[in-house]
Amino acid sequence: MEELKYKYKYPHPAVTTDCVIFGFDGVSIKVLLIQRGIEPYKGAWAFPGGFLKMDETAEEGARRELEEETGLKDAQVEQFHTFTGIDRDPRERVITIAHYALVKMEEVKGGDDAANARWFSYDEIPRLAFDHERILRKAVSTLKERICFKPIGFELLPEVFTMSELQNLYEAILEVKFDRRNFYNKMLKLGILAEAEKRPANAPSRVPTKYRFNPEKYAELKQKGFRLEF
């Protein structure tokens, strides 16, 4: 009898990856969920994810599952927590390595491995499969923490945007309201924004200035221990 390729003396858990996908519609933060097409929890909503293959890293597995279930290719994913609850999966002992990704909503085309894929606002999240409600709470908490250290707007905003759109994004993530003048002054003082086009001298005040992010300036500030505080 041919010897098994993988043979262990002691029982060991299976490993999955799950990915929380955040998008921004200009007003509110959205979360992408897929409707499971198989048991367990067939028909329930969950995050894109699946079992890790023997020849891939957790990041590679997360990106593969994203492409299979949402059509997203080469998405930038970031690991944020590992969930190890004993009974989190009814099939067997499963540990999941959770990631998050920030994407433009129009980039999601839908994939082959899910019965359905939809964007949901925080206040309309349905009951989730497995322990994905806990994963969502941790992902939202992580997003709020990391917005002060990472240029999250790069992924969620269009290349050219207004200051109002940027303020809407930060307010949506942090779930607070900022004074318009103070927010504008803080962002401009940081130097991480560049005018996308020169505003005509005679342009009406209601016509907003358009900006782009300046990644070089942001990287420079970050190397100095930069932290964005509100």
Side-chain angles (χ1 to χ4, degrees), residues 19-33 47-48 66 70-78 80 99-110 117-125 136-137 139-222 226-230:
C19 198
V20 183
I21 313 298
F22 292 106
F24 181 60
D25 65 0
V27 177
S28 62
I29 295 296
K30 301 285 188 178
V31 178
L32 184 70
L33 300 176
F47 297 121
L66 275 183
T70 70
L72 281 169
K73 294 184 178 181
D74 301 320
Q76 296 298 311
V77 299
E78 184 164 339
F80 69 90
H99 298 71
Y100 75 85
L102 309 170
V103 306
K104 294 178 175 61
M105 294 175 64
E106 64 272 14
E107 293 178 354
V108 177
K109 306 300 182 184
R118 277 181 53 195
W119 290 100
F120 292 85
S121 297
Y122 287 160
D123 58 359
E124 62 177 13
I125 299 291
L136 176 60
R137 290 195 299 271
V140 170
S141 174
T142 300
L143 187 64
K144 288 181 178 181
E145 293 172 1
R146 295 187 181 178
I147 192 174
C148 296
F149 298 94
K150 293 180 176 291
I152 286 174
F154 277 112
E155 293 88 357
L156 294 175
L157 287 175
E159 181 181 353
V160 176
F161 53 87
T162 67
M163 191 70 79
S164 292
E165 290 173 324
L166 181 61
Q167 182 173 342
N168 287 344
L169 172 64
Y170 275 78
E171 289 180 342
I173 291 176
L174 295 172
E175 298 182 285
V176 297
K177 288 290 184 182
F178 297 114
D179 176 79
R180 178 179 175 275
R181 185 182 297 275
N182 288 342
F183 183 88
Y184 280 34
N185 290 340
K186 179 180 286 289
M187 284 297 176
L188 291 176
K189 187 177 180 180
L190 289 172
I192 61 175
L193 303 179
E195 286 192 22
E197 53 193 41
K198 280 295 180 182
R199 180 186 174 89
N202 59 348
S205 59
R206 65 178 180 273
V207 177
T209 302
K210 300 291 184 70
Y211 296 95
R212 287 188 174 93
F213 275 108
N214 183 335
E216 291 80 12
K217 180 61 176 179
Y218 191 93
E220 177 186 327
L221 290 175
K222 196 173 178 182
F226 164 72
R227 173 171 178 167
L228 185 61
E229 296 182 345
F230 294 99

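Inter-residue side-chain proximity for Leu143 and Phe80 is flagged as unmet; no heavy-atom pair is nearer than 4.5 Å. Contact check for Ile173 versus Phe24: no side-chain heavy atoms found under the 4.5 Å cut-off. The side-chain heavy atoms of Leu193 and Met163, taken from C-beta on, include a pair separated by under 4.5 Å. When side chains are defined from C-beta on, Phe22 does not count as touching Glu155, because their heavy atoms never get closer than 4.5 Å. Proximity of Lys186 to Phe178: side-chain heavy atoms (C-beta onward) are nowhere separated by under 4.5 Å. Side-chain atoms of Met187 and Tyr170, non-hydrogen and from C-beta on, do get closer than 4.5 Å to each other.
Across all their heavy atoms, Phe47 and Leu32 have their closest contact at CD2-O, 4.0 Å.
Here the straight-line distance linking atom CD of Glu171 with atom OG of Ser28 works out to 12.5 Å at 0.5 Å rounding. Of the inter-residue distances, the one linking Ile152 atom CD1 with Arg146 atom CZ reads 9.0 Å to the nearest 0.5 angstrom. For the atom pair CZ (Phe154) and CD (Glu159), the distance works out to 10.5 Å, reported to the nearest 0.5 Å. Between atom CD of residue Glu175 and atom CD1 of residue Ile29 there is a gap of 9.5 Å, rounded to the nearest 0.5 Å. Here the straight-line distance linking atom CG of Leu102 with atom CG of Leu156 works out to 4.5 Å at 0.5 Å rounding. Distance check: Thr70 OG1 to Leu33 CG gives 12.0 Å after rounding to the nearest 0.5 Å.
Just one residue in the list Ile192, Leu188, Leu157, Leu166 forms a side-chain contact (heavy atoms from CB on, under 4.5 Å) with Tyr211, and that residue is Leu188.
Annotation for Gln76: atom CD does not count as buried by contact number, only 12 or fewer foreign heavy atoms lying within 6.0 Å.
Cation-pi geometry between Arg180 and Tyr184 is met: under 6.0 angstrom from the ring centre, within 45 degrees of the axis.
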Inset, instruction - Show your working on side-chain contact (heavy atoms from CB on, under 4.5 Å) between Val108 and Trp119 and close with a plain yes or no. - result: CA-CA 10 Å; Val108 177; Trp119 290 100; 3.5 Å; yes
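By the side-chain contact (heavy atoms from CB on, under 4.5 Å) test, Lys210 pairs with Val160, Thr162, Ala196, Glu197, sequence neighbours left out.
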